[in-house]
Student: 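First, the structure itself, so that you have it in front of you.
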Amino acid sequence: MSKRLPQRASEWLKRDKPISFYFEGQKYQAYEGDTISSALWAAGETVLGRSFKYHRPRGVLSLANHDVNVMLADGTDTNMRGDVLPVQDGMQLTVVNTDGGVKNDKKRFIDAISSILPVGFYYKAFHTPRSLFPFWENIIRKSAGLGVVNFNYPRELKRKLHTHCDLLIIGAGPTGLTAALMAAPHGVNIIVVDENAQAGGSLSYDLGGSDESAKRLADLLAELAKYPNVTLRTGAYAAGYYTDHLIPIVETTGITKVRAKAVIVASGAFEQPPVFRNNDLPGVMLATAAQRLLARYATKPCESAVVFAANKQGYRAAMDLLDAGVTVKAIVDLRAEGEPCSLVDAIKSRGVAIYNGACVYEVLPAANKFGVKGAVICSYDEASAKPLLHDRFTLACDGIIMSAGWAPAAALLYQAGTGMRYEKSAEQFVPAKLPAGMFAAGKVNGIFDLAQRLQDGARAASEALTYLGKQVPSVTVDREYIASPSHPYPMVEHPKGKNFVDFDEDISIKDFVHAAQEGFDNIELMKRFTTVGMGPSQGKHSNMNAIRILARIRQLPVERIGTTTARPFFHPTPIGHLAGRGLHPHRLTTLHGWHEAHDAEFTDVGVWKRPAWYRRAGLEKQQAIYEEALAVRKAAGMIDVGTLGKLEVRGPDAAEFLERFYTGSFKTQKIGRTRYALLLDEAGVMVDDGIACRIAEDYFYITASTTNAAAVYREMQRWLQIWQLDVGLVNVTGAYGGINLAGPAARGILSRLTLRPLDDASLPFGAVCDTEIAGVPARLIRVGFVSDLAFEMHVPAGSAQHVWNALLENGAAEGLRPFGTDTQRLLRLEMGNHLIGQDTDGLTQPFEAGSEGAIQFEKPFFIGQRSLQIIARKPLNKRLVPFTLSEGYQGETINECNLVIGADGNIKGRVTSIAFSPTVGRFIGFAYVDPANVAEGAAFNIRTDSGSLVMARVAATPFVQLQSEA
Amino acid sequence: MKLLTCPVNGTRPLSEFVFGGEIRNMPDPAQASDSAWAAYVYNRTGAPGLKKEWWYHSPSGTWFVAERNTLTDQVARTYLYGQEDKA
Amino acid sequence: MPLRLLKYALSRKHPAPRFFRDCTEPKKSYDAVIIGGGGHGLAAAYYLAKDHGITNVAVLEKGYIGGGNTGRNTTIVRSNYLTPEGVNFYDASVKIYEGLSEELDINLFYSTRGHFTLAHTESALRTMRWRAEVNKHVGVDSYVVGPDEISKACPQLDISCSGKAPIVGALYHGPGSIARHDAVAWGYARGADSMGVEIFQNTEVTGLDIQSGKIKGVHTSRGYIATNKVLSAVAGFTPRITNMAGVDTPIVIHPLQACVSEPMKPWLNTILVSGSLHVYVSQSSRGELVMGSSLDPYEVHSTRSSLDFVEGLTSHMLDMFPFLSNVKIVRQWAGMADMTPDFSPIMGTTPVEGFYLDAGWGTWGFKATPISGKTMAATMANDQAPELIKPFRLSRFEDYDLTGEKGAASVGH
Amino acid sequence: MTFIQTSPVSHAQHHAYPVMGSLNGMEIALEFGTPQIQQAEAAVAGVAEFSAFTRFAVKGAGAAEWLSAQGITLPPAANSWLMQDSTLVLRLGNSEYLLEDQFVTGHASRLAQGPAPVGAKLYPVARSDAALVLSGQHALSILAEVCALDVAAELANNQRLLMTQVANISVTLLSQTLNGETVYRLWCDGTYGPYLWHELTAMAQEFGGGPVGLSFYFK
């Protein structure tokens with residue numbers, strides 16, 4: 001039966017835009033502006049979902065984004081919240097987590113056996129015998145969870161924007177709008193956000209039988225529209241509070257990260273359900289939900305209602321029900337005193353009976369628990385919180401409208417570090433000590449009377465403006481309550497239970513009692529044991545009642561119980577929104593395009609992309625690498641080393657600086673020569689290495705490894721601050737390209753591109769000079785990392801391509817080929833050079849790596865020196881050695897990280913590098929071994945993947961025979 | 001995200017900075033005992049409180065000192081190393 | 001329906017008796033005092049009573065039991081570490097965990113899922129191989145697998161990670177499990193309590209009474225307690241306690257954050273970790289995705305959440321699982337990780353006689369809960385650390401003899 | 001010079017088949033479409049590359065004195081800039097200076113071609129910037145996505161510059177008037193250039209804008 005009312009002034013529906021959709025296979029009509037739940041309710045549907053644990057039928061509870069029992073799937077998406085999601089034309093909706101549909105859910109039997117599933121039952125069963133747990137676990141996992149994830153759901157791009165404002169106001173209800181209006185004339189930049197589709201908050205639904213709210217809202221919005229410095233964003237929720245007033249605002253389209261100078265939280269309060277048997281049946285709903293249905297969606301909550309109230313809101317809702325033509329059978333007021341406000345007479349005059357000091361003892365379910373058929377009413381003793389059954393009677397009705405109190409929507413205040421106190425006169429937690437720049441107003445501040453809320457909004461605006469440095473008069477608010485907006489203990493016990501506190505998790509009063517009796521009588525323990533507040537609504541309708549129950553159990557005041565910690569997010573927030581674009585920065589050398597065009601296989605080296613090797617038609621990876629390596633050994637090869645760190649150290653104290661920073665000696669270094677530069681940390685661990693080129697007396701040019709360059713430069717800067725030497729540091733890593741040309745033909749090729757003599761006398765190993773190559777100003781370094789004859793050229797990054805091309809052209813005849821990092825690894829291994837990061841790890845010190853030669857112990861100071869002095873006196877645990885496998889080894893492949901096993905069966909070390917060298921004709925590598933066994937020719941055992949032992953022998957380096965020039 | 005004020009570039013989100021740890025005074029390597037030196041290398045003032053720390057503003061390459069309470073995460077002041085008096 | 005549950009339900013004895021007594025009045029003295037009512041402290045109390053017959057023990061908890069990192073971790077249990085010392089230690093923990101539900105008679109939902117540490121580069125894969133070799137040596141089930149085997153175990157995973165960081169392999173660790181973290185603390189609390197251990201919640205230690213280098217007692221918010229043995233098992237609060245003892249340590253506190261999604265039907269059956277993408281994820285028995293990332297980059301003694309953490313994590317989650325765009329994050333939280341320079345714990349005796357340290361648990365404390373309890377109980381009972389935890393002694397730093405779990409973490413190119 | 005330099009960004013531009021041309025010895029994208037298309041895209045959201053302009057940079061406590069001696073007018077405050085003749089003079093932090101000639105000639109070319117700077121606490125800085133221009137009505141929206149700062153407010157004093165992060169990389173950012181329009185100039189390390197170009201143009205294209213050639217600004 002349709003519950004849709006004729007058009008109402010307050011409604012959000014677009015009557016001229018009818019739409020249709022499907023729910024559980026049935027077709028329904030709705031209007032644009034409906035939510036899924038409002039459309040179904042208007043169509044007379046009551047069973048909108050099933051509860052998570054007991055599979056009880058559920059309908060509308062709050063219509064405020066915590067009706068988490070109404071979760072839907074549309075074939076693409078799942079866990080869609082019916083109470084707030086706009087219904088769209090053509091939607092095909094089904095309810096999640098049912099077995100056989102929402103009406104015929106086969107799992108509904110669980111409700112009948114709920115008594116054998118007491119709180120925490122799963123801790124007490126299924127674990128013995130151990131072997132059966134996987135069986136039970138499988139069943140438990142399948143029955144848990146809500147919707148089924150769609151593995152084909154498209155990856156959505158949601159933009160995340162930063163924005164900044166002077167004042168962010170959260171909540172566009174009467175309080176927030178008033179605050180905005182008060183602040184607007186003072187020239188501050190204001191953003192107002194509200195999660196609802198339209199602004200107004202309670203003004204948009206809490207009519208209380210008059211059109212005053214609507215008029216006030218229209219006035220406020222009209223006034224506010226005059227200020228260009230105010231932005232009002234609806235359909236936008238504040239998802240959390242983060243340090244220094246960073247608040248992400250979530251909308252369908254994306255996230256706006258607002259950095260505000262001041263924040264007014266006017267987020268209102270969540271209405272809390274009174275707790276009584278069957279308070280979860282479809283047709284039992286919060287007063288504000290009924291009002292939302294009536295005002296926004298022109299839909300009757302029911303035809304014939306019993307209002308179960310303990311505050312004024314119930315009476316206001318009764319007025320709205322009456323105005324909409326709903327029969328109000330009675331108002332059942334938990335309070336012996338009843339309601340003091342003037343609405344009482346108006347309601348009585350319309351023939352509604354009011355029972356004070358009474359309760360709804362239980363709700364009588366309609367067939368299949370699909371709705372309500374009546375309410376059992378009896379007297380209630382407020383002091384003992386006991387129903388008095390002697391005078392009970394039944395009223396037939398199809399709806400229970402309940403209103404017993406509130407919990408502040410204070411999540412963001414808590415997250416910001418607000419100290420809260422329990423305001424007894426309002427029976428509510430309210431802010432006591434707010435962090436700088438945070439302000440709270442309205443219901444969240446414990447103020448409910450509309451006139452007082454408006455005042456409170458003005459007060460918060462005045463305080464925020466003062467905080468922002470504006471001169472404004474202060475505003476005071478009288479916090480007065482004719483009656484408390486919240487009841488201190490709106491619970492009605494029932495021997496048969498099913499008086500629900502947490503609708504997400506189907507937790508009723510007895511569960512709390514049992515949990516407390518088992519020792520979980522601290523609010524946090526109780527939460528964890530009962531799972532109260534851990535469901536998708538995160539306790540929005542349950543935490544406050546749980547606290548009240550625990551306080552009663554422990555006979556403590558509510559404030560002694562405290563609250564559980566509020567954490568982001570205020571509402572569950574989609575991963576796609578939070579992820580945004582997902583930026584992954586990477587660096588490329590200017591040769592990258594060439595590498596791509598020549599079939600390079602790239603590898604990530606830190607933030608860089610580097611060619612690992614180049615594909616060649618008909619060649620497997622390993623073969624391609626061998627060919628690249630053989631080219632270097634037999635003719636020439638070249639590699640893009642533009643990614644190397646390039647650091648300039650200049651000034652009168654440059655050599656002194658390097659002596660302290662690196663392990664070697666640099667004061668004696670000659671201009672035009674290079675030296676090995678090894679960097680340790682203060683614990684003596686090897687961090688990085690490179691070469692230091694002395695360009696002038698006061699000018700060194702240093703290379704650092706690709707991955708460590710930024711960190712090495714940063715450390716140089718920091719130590720320079722401490723040492724205060726007369727040095728200037730320049731990081732030119734990106735400014736220069738780098739090319740390493742290696743192999744016997746290298747000199748010949750290069751000599752055709754430069755006038756600089758390249759012979760051993762003019763440019764010996766370890767020499768550096770500035771010259772021109774192919775017309776490009778270049779720094780030329782004679783290096784030996786991958787080959788005994790190699791030239792490293794550093795040229796302006798924009799010219800690297802020109803030099804690369806020139807080398808290729810000139811070297812084509814000799815067989816010059818490019819090679820990548822995989823080949824470079826093999827080549828340096830053949831040369832007997834270890835690699836920091838590959839042959840060392842995060843704790844390797846130079847004695848283990850055999851790098852003592854790079855250390856000038858006699859210097860007055862270098863980083864790590866004092867630690868090395870200590871380490872030097874300790875026995876060495878392992879030592880890196882070069883090794884070979886026997887000639888013609890054909891056995892199982894030895895892999896890097898295979899272990900070196902001693903005669904005692906213990907681990908002595910591991911293989912850090914191994915490769916078959918086509919030049920040497922056997923397997924060569926580096927391994928950590930027992931330091932007592934490092935002499936050339938000493939044998940040790942390596943254990944293969946399959947567990948067999950293979951003998952290796954310590955070898956001399958370089959592995960390759962140094963070759964004369966081709 | 002937390003904001004931090006670089007003495008040269010102004011107030012920026014934390015993502016622009018690299019944390020350099022507590023500023024610790026190095027004992028004289030020539031004088032310090034092995035255990036005193038090891039304590040300098042490894043031990044830290046782990047308890048919460050106001051500490052002087054190294055922070056680095058990446059886009060400009062600026063090291064500076066922040067006096068920060070590690071319990072409340074409140075920064076009392078920032079200044080360039082050696083310019084404490086001018087802060 | 002298991003018989004046990006029926007019996008339990010029908011016994012009408014439920015609710016069951018209290019898990020542990022509500023102690024509020026400490027005695028004047030105890031044979032041992034344990035600071036910290038998390039999993040570690042409670043396990044130590046349990047094993048002190050069970051293995052060593054020392055039952056005159058007080059556990060002092062500043063808040064509520066299991067309220068620290070025990071209740072804030074992502075519940076992963078594994079032993080695929082890098083050093084033989086680490087693998088041995090965590091393997092002993094896994095072995096106790098496997099029978100712990102039965103021993104403590106509480107269902108810990110100890111769920112063995114298999115654990116993949118994903119490698120996106122060849123160099124990362126080398127570290128996986130290193131760990132696999134050491135694990136095999138010690139007898140722990142770990143081996144390197146290729147992308148096909150990962151896909152077989154988790155067909156929903158985009159092996160290319162949206163083209164941004166293709167997975168080249170993984171370290172597979174069969175025993176990798178998840179468990180219901182709170183229940184571990186509750187189970188140990190009940191076990192310890194039943195043997196006479198007294199657990200004091202809302203009881204803060206305000207000072208240590210140390211005379212002539214020996215511990216004599218502790219000052220608490222419930223008065224002075226005399227004792228000759230004090231264990232500090234307070235994870236993120238360790239520096240505050242060691243400060244009271246005048247014991248210097250390398251421990252620095254960094255927050256470690258995590259978050260959880262809405263529940264959904266089970267689809268992720270394995271535990272996945274990607275070091276490069278800073279993601280670890282599993283699906284709980286409730287159906288939520290439980291996700292964590294790397295440590296916060298600077299020291300803070302706070303459990304605040306940050307937005308950049310969840311932004312980074314979700315971005316990488318989408319790279320791995322592009323279909324999760326509209327799955328929602330319900331809650332984020334944080335713990336305070338007590339980090340050490342070598343990523344190994346600090347366990348055993350200290351320069352103060354009778355003051356024992358169980359600390360440096362960084363991001364790996366939950367998985368060690370049973371074995372740390374057992375070995376620290378032995379340390380307290382014998383005033384000497386058992387062999388298993390000697391590699392984790394505090395003095396290793398002074399000795400430059402680190403136990404390098406960090407070796408794996410910082411291997412670059 | 002007898003060779004053509006590669007722009008650091010060129011790798012990210014090839015797929016759009018721009019009309020290339022040479023400026024100051026560097027090959028640079030001149031046009032990504034007809035003048036009408038360029039005009040329209042630049043007005044909505046345009047990304048252009050100015051890397052080919054000559055730059056000259058020095059740093060150190062002695063830099064200011066030396067530059068003054070070379071006739072350069074220095075921005076008085078840290079992190080600010082000025083235009084001297086047709087050369088942008090940027091003061092990066094306290095004691096680092098970057099000069100960029102707008103188009104072909106200017107003080108940067110003059111100093112670059114002169115003798116290397118010599119002096120106490122004076123250090124030349126070799127640079128290879130990717131220099132980009134972001135224009136159009138959505139430029140600030142794009143910056144709002146990639147930069148955490150309130151760019152419009154921070155650059156309200158239009159002689160200020162920002163050393164900050166854009167799309168998670170370090171950049172120098174300022175706003176300038178070109179062809180009568182306010183545009184945002186970005187300089188980043190050239191090796192990040194292809195990445196930044198790719199991300200910014202992708203965002204511009206979402207608004208209906210796109211890459212814009214140099215000739216749009218210098219006809």
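Computed from a predicted structure; not experimentally measured. Throughout, protein chains are lettered first and strands after them, A, B, ... in sequence-line order, and every chain is numbered starting at 1.
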Student: Atom CD of C/Glu262 and atom CE of A/Met71: how far apart are they, to the nearest 0.5 Å?
Tutor: 4.5 Å

Student: Less than 4.5 Å to any heavy atom of chain C: does that hold for the side chain of A/Leu132, its backbone, both, or neither?
Tutor: neither

Student: Under 4.5 Å from any heavy atom of chain A, what part of C/Asp193 do you find: side chain, backbone, both or neither?
Tutor: neither

Student: Could you tell me which portion of C/Gln156 (side chain, backbone, both or neither) has an atom closer than 4.5 angstrom to a non-hydrogen atom of chain A?
Tutor: side chain

Student: Show the numbers, then the answer: is there a side-chain contact (heavy atoms from CB on, under 4.5 Å) between A/Val605 and A/Thr643?
Tutor: CA-CA 9 Å; A/Val605 183; A/Thr643 61; over 6 Å; no

Student: Taking every heavy-atom pair that is under 4.5 Å apart, which of A/Ala612, A/Ser867, A/Gly535 has the most such pairs with chain C?
Tutor: A/Ser867

Student: Calculate, to the nearest 0.5 Å, the distance between atoms OG and CG belonging to C/Ser325 and A/Asn150 respectively.
Tutor: 11.0 Å

Student: With side-chain contact (heavy atoms from CB on, under 4.5 Å) as the criterion, how do A/Asn152 and C/Phe323 come out once you've worked through the C-alpha distance, each side chain's angles and the decisive distance to 0.1 Å?
Tutor: CA-CA 6 Å; A/Asn152 296 314; C/Phe323 56 87; over 6 Å; no

Student: Against chain C, label A/Phe151 side chain, backbone, both or neither, depending on which of its atoms sit under 4.5 Å from a heavy atom there.
Tutor: both

Student: Checking heavy atoms, do the side chain of C/Leu313, its backbone, both or neither come under 4.5 Å from chain A?
Tutor: neither

Student: How many angstroms lie between OG in C/Ser305 and CD in C/Gln257, if you round to the nearest 0.5 Å?
Tutor: 5.5 Å

Student: Can you tell which part of C/Pro84 gets under 4.5 Å to a heavy atom of chain A, answering side chain, backbone, both or neither?
Tutor: side chain

Student: Heavy-atom pairs under 4.5 Å with chain C are the metric here; pick the option from A/Arg581, A/Lys158, A/Lys257 that has the most.
Tutor: A/Lys257

Student: Please classify the contact between A/Pro568 and chain C as side chain, backbone, both or neither, with a heavy-atom cut-off of under 4.5 Å.
Tutor: both

Student: Counting heavy-atom pairs under 4.5 Å to chain C, which of A/Cys897, A/Gly947, A/Gly576, A/Ala144 comes out on top?
Tutor: A/Cys897

Student: Under the criterion side-chain hydrogen bond (donor to acceptor under 3.5 Å, both in side chains), I'd like the reasoning laid out for C/Thr83 against C/Glu405: C-alpha separation, chi angles, the key distance, then a yes or no.
Tutor: CA-CA 6 Å; C/Thr83 63; C/Glu405 290 300 340; 2.7 Å; yes

Student: Hey, are A/Asp521 and C/Arg18 close enough for a salt bridge, meaning a charged N less than 4.0 Å from a carboxylate O?
Tutor: yes

Student: Go through the atoms of A/Ser537 and report whether side chain, backbone, both or neither lie under 4.5 Å from a heavy atom of chain C.
Tutor: neither

Student: Let me know if A/Phe520 has heavy atoms under 4.5 Å from chain C in its side chain, its backbone, both or neither.
Tutor: side chain

Student: Taking only Lys NZ, Arg NE, NH1 and NH2, and the carboxylate oxygens of Asp or Glu, determine whether A/Glu137 and C/Arg113 approach each other closer than 4.0 Å.
Tutor: yes

Student: Below 4.5 Å from any heavy atom of chain C, which atoms of A/Ile907 appear? Answer side chain, backbone, both or neither.
Tutor: both

Student: Can you tell me which of C/Pro166, C/Gly99, C/Ser276, C/Ser261 forms the most heavy-atom pairs within a distance under 4.5 Å of chain A?
Tutor: C/Gly99

Student: Salt bridge or not between A/Lys160 and C/Glu311? Use side-chain N to carboxylate O under 4.0 Å.
Tutor: yes

Student: Considering only heavy atoms and a distance below 4.5 Å, find which of C/Glu288, C/Lys265, C/Glu102, C/Lys136 pairs most often with chain A.
Tutor: C/Lys265

Student: Heavy-atom distance under 4.5 Å to chain C: side chain of A/Asn898, backbone, both or neither?
Tutor: both

Student: Can you name the closest pair of heavy atoms from C/Ala185 and C/Ile65 and give their distance?
Tutor: O-CD1, 4.4 Å

Student: For C/Tyr110, is it the side chain, the backbone, both or neither that has a heavy atom under 4.5 Å from a heavy atom of chain A?
Tutor: backbone

Student: Would you mind checking if C/Asp342 and C/Arg396 are paired as a salt bridge, meaning a charged N to carboxylate O distance below 4.0 Å?
Tutor: yes

Student: Run the side-chain contact (heavy atoms from CB on, under 4.5 Å) check on A/Phe602 and A/Trp608 step by step: do they pass?
Tutor: CA-CA 10 Å; A/Phe602 290 97; A/Trp608 294 90; over 6 Å; no

Student: For chain A, find which of C/Phe321, C/Phe109, C/Phe20, C/Phe397 contributes the most heavy-atom pairs closer than 4.5 angstrom.
Tutor: C/Phe109

Student: Decide salt bridge (Lys or Arg N to Asp or Glu O under 4.0 Å) for A/Lys527 and A/Glu505; before the verdict, give the C-alpha distance in whole Å, the side-chain angles of both, and the deciding distance to 0.1 Å.
Tutor: CA-CA 11 Å; A/Lys527 168 184 164 176; A/Glu505 306 271 315; over 6 Å; no

Student: Listed by chain and number, what are the side chain to side chain contact (heavy atoms under 4.5 Å, CB included) partners of C/Asp182, not counting sequence neighbours?
Tutor: A/Arg528, C/Arg180, C/Trp186

Student: Contact part of A/Leu146 toward chain C, heavy-atom cut-off under 4.5 Å: side chain, backbone, both or neither?
Tutor: both

Student: Can you tell which of A/Ala516, A/Pro574, A/Ser143 has the highest number of heavy-atom pairs within less than 4.5 Å of chain C?
Tutor: A/Pro574

Student: Picking from C/Glu122, C/Glu98, C/Met317, C/His120, which has the most non-hydrogen pairs under 4.5 angstrom with chain A?
Tutor: C/Glu98

Student: Determine, for A/Asp841 against A/Arg910, whether the closest basic-nitrogen to carboxylate-oxygen distance falls under 4.0 angstrom.
Tutor: yes

Student: Under 4.5 Å heavy-atom distance to chain A, tell me which part of C/Gln201 shows up: side chain, backbone, both or neither.
Tutor: side chain

Student: Please look at A/Asp77 and chain C and tell me whether the side chain, the backbone, both or neither of the residue comes under 4.5 angstrom of a heavy atom of that chain.
Tutor: side chain

Student: Quick one: what part of C/Thr303 sits under 4.5 Å from any heavy atom of chain A, side chain, backbone, both or neither?
Tutor: both

Student: Contact part of C/Leu268 toward chain A, heavy-atom cut-off under 4.5 Å: side chain, backbone, both or neither?
Tutor: backbone

Student: Do the rings of A/Phe529 and A/Tyr123 sit parallel, tilted or perpendicular, given the 30° and 60° boundaries?
Tutor: parallel

Student: Among A/His571, A/Gln845, A/His586, A/Lys142, single out the residue with the greatest number of heavy-atom pairs under 4.5 Å to chain C.
Tutor: A/Lys142

Student: Please enumerate all residues that pass side chain to side chain contact (heavy atoms under 4.5 Å, CB included) together with C/Pro255, with sequence neighbours excluded.
Tutor: C/Asp296, C/Val300, C/Arg304

Student: Please classify the contact between C/Val134 and chain A as side chain, backbone, both or neither, with a heavy-atom cut-off of under 4.5 Å.
Tutor: both

Student: Looking at C/Val144, C/Asn326, C/Asp399, which one has more heavy-atom pairs under 4.5 Å with chain A than the rest?
Tutor: C/Asn326

Student: Who among A/Gln538, A/Met80, A/Lys510 has the most heavy-atom pairs with chain C under 4.5 Å?
Tutor: A/Gln538

Student: If we ignore hydrogens and angles and just use 3.5 Å, is the side chain of C/Ser344 paired with the main-chain N or O of C/Thr403 as donor and acceptor?
Tutor: yes

Student: Name the region of C/His316, side chain, backbone, both or neither, that has any atom closer than 4.5 Å to a heavy atom of chain A.
Tutor: side chain

Student: Just give me the residue among C/Asp22, C/Val310, C/Asp319, C/Leu402 that pairs up with chain A most often, heavy atom to heavy atom, under 4.5 Å.
Tutor: C/Asp319

